[in-house]
**Student:** 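Pasting a structure here, questions to come.
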Amino acid sequence: MPILTVEQAINQALHEEMQRDPRVLVMGEGVAKSRASLLHSFGAQRVRNTPLAEAVISGTAVGAAASGLRPVIDLLFAPFLTYAMDALVNSAGKLRYLSGGQHEFPLVTLSMTGAGWCVGAQHNHNLEAMFVHAPGLKVVMPSTPADFKGLLKTAIRDNNPVLLFTDIGLLHQAGEVSDDTEFLVPLGKAAVPRIGSDVTLVSYAKTVGICLEAAQQLRETGISAEVIDLRSLKPLDEEAVLRSVRKTGRLVIVHEASGLCGMAAEIAALAASRAFDALLAPVVRLTGPDAPVGASWALEQASVPTSAAVVQAVREMLPRTAHAAEKPLTELA
Amino acid sequence: MPILTVEQAINQALHEEMQRDPRVLVMGEGVAKSRASLLHSFGAQRVRNTPLAEAVISGTAVGAAASGLRPVIDLLFAPFLTYAMDALVNSAGKLRYLSGGQHEFPLVTLSMTGAGWCVGAQHNHNLEAMFVHAPGLKVVMPSTPADFKGLLKTAIRDNNPVLLFTDIGLLHQAGEVSDDTEFLVPLGKAAVPRIGSDVTLVSYAKTVGICLEAAQQLRETGISAEVIDLRSLKPLDEEAVLRSVRKTGRLVIVHEASGLCGMAAEIAALAASRAFDALLAPVVRLTGPDAPVGASWALEQASVPTSAAVVQAVREMLPRTAHAAEKPLTELA
Amino acid sequence: MNTLSNSPLLERQPRLHGLYTMMLIRAYEERLALLQQNGAPGTCTSVGQEACAVGVISTLDWRDRIITNHRSAAHLLARGADPQRLMAEVLGRADGYCGGHSGSLHISVRELGVVLTSTIVGGGLSLAPGVALAQRMGQGEEGGVVVVFFGDGAACEGILHESLNLAVQWQLPLLFVCENNQWQAYVHRLETMADDAIYRWACGHGLETQRIDGNDVDAVSAAARQSVAAIRADGRPRFLELLTYRQRGHLEPDDLAYVDHAERERWLKRDPLVLMRERLRAEGVLQDNDLAAMQQQVSQRIDAAQNFAESSAWPDPQQLLQHVYA
Amino acid sequence: MNTLSNSPLLERQPRLHGLYTMMLIRAYEERLALLQQNGAPGTCTSVGQEACAVGVISTLDWRDRIITNHRSAAHLLARGADPQRLMAEVLGRADGYCGGHSGSLHISVRELGVVLTSTIVGGGLSLAPGVALAQRMGQGEEGGVVVVFFGDGAACEGILHESLNLAVQWQLPLLFVCENNQWQAYVHRLETMADDAIYRWACGHGLETQRIDGNDVDAVSAAARQSVAAIRADGRPRFLELLTYRQRGHLEPDDLAYVDHAERERWLKRDPLVLMRERLRAEGVLQDNDLAAMQQQVSQRIDAAQNFAESSAWPDPQQLLQHVYA
Ligand SMILES: Cc1ncc(C[n+]2csc(CCOP(=O)(O)OP(=O)(O)O)c2C)c(N)n1
Ligand SMILES: Cc1ncc(C[n+]2csc(CCOP(=O)(O)OP(=O)(O)O)c2C)c(N)n1
Ligand SMILES: [Mg+2]
Ligand SMILES: [Mg+2]
């Protein structure tokens, strides 16, 4: 299979879907430059540079979606979504319901965020949980080039508003990506990039890689960690999480977004209510701090959970033999 | 002590703080009409009707706060905060940090939401969790007239941005309110309006009343429920929750906001990680549905957790004797 | 039912039909205000502004799309909405146009081309360019025009600026109609804008603008007809500011205690229904017996609407999660 | 250090001082662009726009407040910021003005009256009326004026409309300065606005506006001086559109592949530093040896800044939670 970066995978998904469906169009500040190949293939009617005006860019997408088009808008950095909140939260998320189901809103927003560019909290703010909390929206945040492509394609075909967040740290990460134009990844299905039996590490986006690293390190000391990549935050693959936690009895959730009312809270709550009997140890959340992210490299890096922290959390969890005794720790030294 | 409604308590708090500190001013669409007594006492310089322009109202508050004033802005209904997100999330919440601590943002936003007026999801959307998730902000959502007064006064004196949400259903609820101008309720301290030993019901705003009703009904069947009113969602009184859960071993969290990444998730996660050993039963979340709220009375009412649902959840929790046996259920029939 | 509303008389005389529609709107909204006193949800009426809705919408055809706001009854009825289903919606009933989900504040009726109603002030301004873009990119009927109605208050929201700029820059077939009714909820507009005119804000964007007496339905329809024709011809946006007055409160009930009564009196003397009625009478177009017949039919329809609405079922709370996603 | 920057020569000759400041800005930003090639964070330089910053800020005094944005180095240096601490901030070091928290994009320096820098395009426009309101309500020095700098791109954000309307309606002592540098990141402004002029948007709000050659520092300072004096006199806002050109990329590094080189060439011929230098020479105000001395001092200061910045410590990651709350 061809090797693509995340950036290329996104472009390929856009290209294929624009090719497939003439109703798909791409709008945003500078998209005709940043996605010049799309402009070349599909022309200025369907690849539209916009004024600097996120409120009307997003509102226009919502209005266009309800009227037969399938817009994809690029809002650049996640914190700029603060200008798009009325259109996304109050219109895209609610007007279908409030109209008694008269309208559909097949639109996708793209935006980037996360550590990696030393640009500070007005560019680097992982606020995906706000949109998970809002009704009527869907949210995806993939971790591999293949998932970026497959989820974006599915999102474009979905008849609901979908927000896709790109972790900046992944942009240039490369991986195998199918060039089948019908390669789709369903929304609402987690991936399990590593199977294990002693502890479940749940994550999404860049920190999936950190969990995989941690799992590898844990393996060396005989601890078998399962890694779940949520991919889609809403709809959420609750069963995948529960199945794993019921198997391992231990849960660590890792993400770069801050903790309060974040995805880790949601996953922990899920386990505490629906896998309670299986839990052998306190649930652990490893998240970014409840603070804006500083621009300085030193501060930015310190805001991202590390594999060392994951390893340590799991180690602290495992000696708990009171419950652990009930369940043999496979391959534990 | 004098009896005031929530509405009156808010006005009294504003009045006292404006009296005390000439830097306090109130701005918003129609505040000079809706708070005519303030206009009368403090004049048009300090009680300012604004244009319909939430982005600049909130931005102006942020700029004024950094420059020596202590603005209180009334943004009417919580969903209108979507227009204020840049000012609140990107400026008020981040610019102190990004400046290395150079600025302070002593400002308060007021807004209402919740079931009660049959106005639908563009007015009725409990989105407080979004601001709990955002760094640098404080969030309060009281349930009694006294707490409205005491928390609002503290919020006005706080040197950080505080969002106070008013549950519409409480507006005309009356209760005793101290007329001591130094009556303050600290941010970050939960209240325990009912002490109990078998189960902890955690809530805030209107649903505190529902929990109290449920506790009363449970009492009649011999179950002793403790009710915690968070009052302040950020900072959160984690210790109050943990202390209670460690005592009762059972946790039900109730709020009208929808569940995903909401406060109930946060509280459940807290218990699952820091009161894990004390938990005797799965944590239960009773929240509004993950849907916009319809305007129809029938739909609106169905979106609010009921005391019957709380009672039922607790009842289903209690027969779990496996663990419960470890701990005598005080007064359980 | 062989109603007057599709009688030969009204068909031959579009201006009579206009008057009839204004009467229907007035009666519908006054009825709702009455019902409110008995516990029905409060509504934002457009009493006094009927000529704006009727004047503009009478110039549209079925290719065209309308975006409205919290004060939508006049737009909906002028577009031909059924008062029964409208009233059922306001009362939150299952037979309402939106199944009771909307209530009065966000009613859209897709089959009538009344799309995407937002009660967030300025919300419609954000959505309108997208509807017009879809139109322009071939999703609607050839030549269709999009009309967005908004208030003088909404004009203070930044989204006006963005929406105008985009519509002009992208050459969208969009008619901006600002109903300047002097009020922004409980605040007089002169308290929120230094300049006396909203159209000047639009002028800065270089699109054709007109400021029209919004209480004169003939003047409104003339301006709208010209604007709509121009949009159909060149596909570019136009802007109308309609000067009018909100005679009743912002939201029922409202004691109007904050209102300058001298100003209100001046506007009441220019009530759009009275103006049009007297003009048609003076022109000999309207006879007393026609008027009586129209009045009677209006009453019947409003009674029927109330009956229908009040006997409509409540939506089923079991279906709380229906229609969240497509 | 007895620097030229406070030498009698420059003090006697504010215009020479202006040229010196422009040279300092240019050298500072070009140095950062160079450092970027070796791994320092990219910056948004204002090369080509120095006359805007220097022209406006030279007319301010210490009572006044400035709000800037992502492209702030010129404003900060014109206001007297220390290149050492500025560069340390850009490199994310503890000795930076914001302790490395800001990096290049949100630098504010309260002691210089450069308050509330937001890198959200339009962010400053939302904050400025509040700073001006505090000024007007007695929180600042008597007679102080607030200046908000923003780009032509920011002018497309709705917040411009809200900010102008509020400033005019509330009569705030606020000078809006739009640096129209032709670019909005990688998009030419003519692609995002139908009209060729931004000041016309402001005109609709009825405030005094001027459109000035932003590459002519004398013209800019004349207009700014007049505007600031007018604001001090009547407390009302004014608006300046400064026509200029962003000579380097949006964010370093930038290959300028998307740029119309003929247009750029035309603007390069009107480089603000060259214009001013030649004018001062022609007027006999600037001698060759002065220029050489100025150039030398600029180089020394920039070298010193780089030294200082590069040897400054990184902020302590243990203090990640410091400064979140007051
Ligand atoms: C963003 C937002 N702010 C405030 C409100 C509350 N509100 C509803 S209608 C209204 C007045 C709107 O004035 P205008 O746009 O002139 O319309 P009118 O009511 O006069 O028809 C206000 C303040 C709202 N719905 N949305
Ligand atoms: C709300 C928002 N949208 C987009 C951006 C990304 N961005 C940063 S600067 C810039 C261009 C701004 O253009 P202009 O206002 O003319 O200022 P200039 O860069 O030309 O000085 C863009 C698009 C941003 N920072 N904030
Ligand atoms: Mg109005
Ligand atoms: Mg620019």
Side-chain angles (χ1 to χ4, degrees), chain A residues 27-36 39 44 47-59 74-84 86-87 115-125 258-260 288-304 306, chain D residues 39-42 70 88-94 96 98-107 117-123 126 151-160 183-189 191-194 250-251 257-258 312-325:
Chain A
M27 307 190 285
E29 296 156 13
V31 286
K33 175 182 179 279
S34 60
R35 306 195 192 277
L39 176 66
V47 183
R48 291 178 168 259
N49 276 350
T50 63
L52 259 148
E54 290 75 9
V56 84
I57 296 169
S58 51
D74 186 342
L75 292 172
L76 306 179
F77 286 86
F80 310 164
L81 289 171
T82 53
Y83 278 162
D86 173 53
W117 281 8
C118 295
V119 279
Q122 289 190 332
H123 287 74
N124 176 6
H125 184 190
S258 54
L260 286 170
D290 183 28
V293 185
S296 174
W297 179 85
L299 299 169
E300 188 193 65
Q301 293 307 308
S303 303
V304 187
T306 60
Chain D
H70 57 287
E89 186 58 46
V90 173
L91 300 193
R93 304 306 173 95
C98 308
H101 287 66
S102 162
S104 74
L105 293 172
H106 342 68
I107 306 177
T117 307
S118 173
T119 187
I120 301 294
V121 169
S126 84
D152 47 301
C156 295
E157 298 277 3
I159 192 68
L160 174 72
W183 288 103
Q184 306 176 355
Y186 309 102
V187 179
H188 195 281
R189 75 175 168 97
E191 223 184 302
T192 76
M193 43 181 72
H250 168 56
L251 174 77
Y258 54 94
S312 170
W314 292 100
D316 179 2
Q318 293 306 105
Q319 297 184 352
L320 215 53
L321 296 181
Q322 203 193 347
H323 299 315
V324 178
Y325 290 102

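Here is how names work: the chains are called A, B, and so on, in the same order as the sequence lines, proteins then strands, and each is numbered from 1. Note that the coordinates shown come from a computational prediction; the quantities given were computed from them, not determined experimentally.
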**Student:** Mind checking whether E29(A) and V187(D) have side chains closer than 4.5 Å, heavy atoms only?
**Tutor:** no

**Student:** Using every non-hydrogen atom in the two residues, find where D290(A) and V324(D) come nearest and quote the distance to one decimal.
**Tutor:** O-CG1, 4.1 Å

**Student:** Drop me the distance from E191(D)'s CD to N49(A)'s CG, to the nearest 0.5 angstrom.
**Tutor:** 4.5 Å

**Student:** If you look at every heavy atom in L299(A) and G100(D), which pair is closest and at what distance?
**Tutor:** CD1-O, 4.2 Å

**Student:** Side chain of T192(D), backbone of P51(A): donor and acceptor closer than 3.5 Å?
**Tutor:** no

**Student:** I'd like to know which of P292(A), A36(A), A302(A), S34(A) tops the heavy-atom pair count under 4.5 Å against chain D.
**Tutor:** A302(A)

**Student:** Looking only at non-hydrogen atoms, find the nearest pair between S296(A) and G92(D) and report the distance.
**Tutor:** OG-O, 2.6 Å

**Student:** In Å and rounded to the nearest 0.5 Å, what is the NE2 to NZ distance from H250(D) to K33(A)?
**Tutor:** 10.0 Å

**Student:** For chain A, find which of Q319(D), R93(D), E157(D), H101(D) contributes the most heavy-atom pairs closer than 4.5 angstrom.
**Tutor:** E157(D)

**Student:** Can you tell me how far the CG atom of L105(D) sits from the CD atom of Q122(A), to the nearest 0.5 Å?
**Tutor:** 8.5 Å

**Student:** What part of D152(D) lies closer than 4.5 angstrom to a heavy atom of chain A: side chain, backbone, both or neither?
**Tutor:** neither

**Student:** Can you tell me which portion of S102(D) sits under 4.5 Å from chain A's heavy atoms? Options are side chain, backbone, both or neither.
**Tutor:** backbone

**Student:** Side chain, backbone, both or neither: which part of S118(D) has an atom under 4.5 Å from a heavy atom of chain A?
**Tutor:** both

**Student:** I'd like to verify something: which residue of F80(A), W297(A), W117(A), Y83(A) has the highest number of heavy-atom pairs under 4.5 Å with chain D?
**Tutor:** Y83(A)

**Student:** Examine whether an atom of I120(D) lies under 4.5 Å from a heavy atom of chain A, and if so say whether it belongs to the side chain, the backbone or both; otherwise answer neither.
**Tutor:** both

**Student:** Between Q318(D), H106(D), Q184(D), M193(D), which has the largest tally of heavy atom pairs under 4.5 Å with chain A?
**Tutor:** H106(D)

**Student:** If you count heavy-atom pairs within less than 4.5 Å of chain D, which of T50(A), V119(A), V56(A) leads?
**Tutor:** V119(A)

**Student:** Using every non-hydrogen atom in the two residues, find where A154(D) and L52(A) come nearest and quote the distance to one decimal.
**Tutor:** N-CD1, 4.5 Å

**Student:** Is Q301(A) close to chain D through its backbone or its side chain, or both, or neither, when contacts mean heavy atoms under 4.5 Å?
**Tutor:** neither

**Student:** Tell me which of these, C156(D), A257(D), G96(D), has more heavy-atom pairs under 4.5 Å with chain A than the rest.
**Tutor:** C156(D)

